[in-house]
K.L.:
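This is the structure I have questions about; it appears just below.
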Amino acid sequence: MSTFEEMKLDPLIMKGVEKMGFTKPTPIQEKTIGPLLKGRDVIGQAKTGSGKTLAFSLPLLHAVDPKSRQVQAIVLAPTRELAVQIAQEMRKLGAHTGVRVVAIYGGQSMGGQREELRRGAHVVVGTTGRVIDHVKHRSLDLRSVKFVVLDEADTMLDMGFIADVDYILGCVQGKKQVCIFSATMPQRIMDLSRKYMIDPERIMVNSDEPSVETLDQYYAVVKHEEKLGFLTDLLQRERPPSAIVFRRTKHGADRLARDLHQKGYQVVPLHGNLSQSQRDRYMDAFRNGRADVLVATDIASRGIDVSQVALVVNYDVPVDPLIYFHRVGRTARAGRDGKAYSFVSKEESGDFGRILKMTKAPILPMRPEDKLHTFVPGTSVHGGGGRRYRSQGGGRQHGRNRYR
Ligand code: ADP
Ligand code: MG
């Protein structure tokens, strides 16, 4: 189905789609919405930035009866930020339907969320731990859920949430429709699907390769201690309206955010050592353009969609090549242009070699001297990363006003 009209969605949902300015479904939406509307279980894989949220949100909204007061759909996400983002998108899409979407996630008081749930939720979007807390405290009743979504399923598996997912799905009584969305499809997701899904339709749009048409990828060979200067030079030259800089460790991210702040950048950090209110505040600042650089760890930023991220920097090379694709997938989203730069120290040559081997799209040398370096795929020795930046007692002690 190549148009939204052909999908015969509830006109009130269509109104939301139009308001958001979406005129044509993306390939993953085109292929998954039809089967989901028919009640099929679906496994959907498409690279980051391909519109998976809408692919499950429209059929979900269609399945929910706003006249009932029960929780009828649940979306599970690996991170708090992603849960918030999905809930926001779903509220916009369902703005005219009367469907109430409530986000529940850790790091916020249970009380406020309990009150939200008590006032009536048709759809719950949450992280697994907090969903279970509410079930156990009887503030959330999942028995009448009929639509279940696992978003970023590969990350949820990586983070060890499988037992949580088991528990949550066990709370649902009666027939339920299940869909799993993911950027990559490791075998373990297929194993998961056998357990929870009935004759699922598998839809793979393509691998998690970045959109080569609109993304330019570069690398530079830079000594670890010279990376900060190299980054500020790059930011001076490119002047991106917004950029995400990735670090492997929480302390590394914290340290770099402070260094950039000292140099006068409007920068915010995002990593697991921050309190939830800090994370919310910093993400807001980045989304609204009050901060133009986000320094993030991988887990904290999975699935995050900030439109107009013009530039991604791999300040540290990720050990897992799949993480490389997830990182650069934060830019060049939905057909926009983007650039990705990787700073590769000698110690990281082996890891970068493996990334080069896995990418079909070219990753080009930034400068003539970068061409001279050869990368042999292998495991690298990580001596220079975040470890040196160990700060006693974790990142939380750093002054609250440091990043503005
Ligand atoms: P994914 O979950 O696949 O990484 P998202 O669902 O976060 O991708 O969507 C990426 C971006 O594409 C979002 O900014 C979203 O608003 C936009 N988008 C989604 N569907 C459409 C569409 N049909 N037309 C245009 N833009 C879309
Ligand atoms: Mg997504």
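Predicted, not measured: the structure shown is a model, and the values here were computed from it. In listed order, ligands and their atoms are each counted from 1.
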K.L.:
Answer with yes or no after comparing the ring centroid distance for F22 and F4 against a 6.0 Å cut-off, counting only values under it.
P.N.:
no

K.L.:
Mind checking whether V245 and K227 have side chains closer than 4.5 Å, heavy atoms only?
P.N.:
no

K.L.:
Checking contacts here: is it the side chain or the backbone of F4 that comes within 4.0 Å of ligand 1, counting heavy atoms only? Could be both or neither.
P.N.:
side chain

K.L.:
Please determine, by modelled atom types, if E347 and H224 share a side-chain donor-acceptor pair under 3.5 angstrom.
P.N.:
no

K.L.:
For ligand 1, which atoms, with element, lie under 4.0 Å from some heavy atom of K24?
P.N.:
22 (C), 23 (N), 24 (N)

K.L.:
Considering only heavy atoms of K47, which atoms of ligand 1 have at least one such atom less than 4.0 Å away?
P.N.:
3 (O)

K.L.:
Check the angle between the aromatic planes of Y324 and F352 and answer parallel, tilted or perpendicular using the 30° and 60° thresholds.
P.N.:
perpendicular

K.L.:
Mark up the atoms of ligand 1 that fall under 4.0 Å of a heavy atom belonging to T53, in ascending order.
P.N.:
2 (O), 5 (P), 6 (O), 7 (O)

K.L.:
Is it the case that K136 places NZ or CZ above or below the six-membered ring of Y167, under 6.0 angstrom from the centre and within 45 degrees of the axis?
P.N.:
yes

K.L.:
For R367, I'd like to know if atom CZ has over 12 heavy atoms of other residues, nucleotides or ligands within 6.0 Å.
P.N.:
yes

K.L.:
Does ligand 1 come near enough to K52 that some N or O of the ligand is less than 3.5 Å from an N or O of the residue?
P.N.:
yes

K.L.:
For ligand 1, which atoms have a heavy atom of S50 less than 4.0 angstrom away?
P.N.:
1 (P), 3 (O), 8 (O)

K.L.:
Could you tell me whether G51 and ligand 1 have an N or O pair separated by under 3.5 Å?
P.N.:
yes

K.L.:
Hey, are D280 and R80 close enough for a salt bridge, meaning a charged N less than 4.0 Å from a carboxylate O?
P.N.:
no

K.L.:
Check contact between G49 and ligand 1, using heavy atoms of the residue and a distance below 4.0 angstrom.
P.N.:
yes

K.L.:
May I ask which of F181, F56, F22 has a heavy atom nearer to atom 27 (C) of ligand 1 than the others do?
P.N.:
F22

